[in-house]
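Okay, structure first, notes after.
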Amino acid sequence: MPLYRDAAIVLRTHKLGEADRIVTMLTRGRGKVRAVAKGVRRTRSKFGARLEPGMVVDVQCYEGRNLDTITQAESLASYGDPISRDYQAWTAANAMLETCDRLTEEGEPALQQFVLLAGALSSLAGGTHEAALVLDSYLLRAMAIAGWAASFHDCARCGASGPHPAFNVGAGGTICPVCRPPGSAAPAPESMELLAALLSGDWACADASEPRHRREGSGLVAAYLQWHLERGVRSMRLVERT
Ligand SMILES: [Zn+2]
């Protein structure tokens, strides 16, 4: 059986049988991989301790017909301690891992998603920016890589130069008065500026934002993510049925 080595971020794990665990991870070179880690739930498995969600590891696996098998895992970066000590960082990390899992497909290379997630986890552990801002920046960029880049300045539908006062998740972001569908939100201009800064990586601007604009921005990001994920999942189900 072919053997491979790759850097990987553990996205989630679940139990298999008495002592094994299935590890879903995003690898640098092979995209999302599901692999069995044998015997890791026995007491004091050092190997198992390296395969917890959020950990960055160098793994060696055997390719299997359905599932690969992890034979070695060396820690490359452990953000567990600083992240688990801070509840906000911990919930942000979990939301990032779950979103990454939903935005990637097994067997499809996802190098940009890997680099983005590794950077965001490192930033959370470093604590240089508020955890909620790191999360929203991660979500906006992960969706942009997935093909759902939101617009925060020009009209998402006709491209008319902004800023515009309305935002519509289904239309793809900021929307001009001509294109504006009913039920669009009318957020504060500062909230839109914050989201544009988080998408482009302008941290000086993002760190200087006010709490009320961060709250409003987070609400828009959550709505945008939910709309696209639900639609994405639904379109995949339709493909399966036909
Ligand atoms: Zn327009």
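What you see is a predicted model; the values in this text were computed from it and never measured. For ligands, and for the atoms within them, numbers begin at 1 and follow the listed sequence.
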Determine which pairs satisfy side-chain hydrogen bond (donor to acceptor under 3.5 Å, both in side chains) with at least one residue from residues 195-208, sequence neighbours left out, and list them in order. H129-D207
Name all residues meeting the side-chain contact (heavy atoms from CB on, under 4.5 Å) criterion together with D68; count only those two or more places apart in sequence or in a different chain, and write none if there are none. Y4, V33, A35, C61, E63
Any side-chain to backbone donor/acceptor pair from S122 onto A118? Under 3.5 Å, distance only. no
Nearest 0.5 Å, what's the CZ-NZ distance between R21 and K15? 8.5 Å
Listed as residue and atom, the protein N/O/S atoms under 2.8 Å from the Zn ion (ligand 1) are C155 SG, C158 SG, C176 SG, C179 SG
Distance-only, no hydrogens or angles: does the S137 side chain make a donor-acceptor pair with backbone N or O of V134 under 3.5 Å? no
Across all chains, not counting sequence neighbours, the side-chain contact (heavy atoms from CB on, under 4.5 Å) partners of E216 are P187, A188, S191
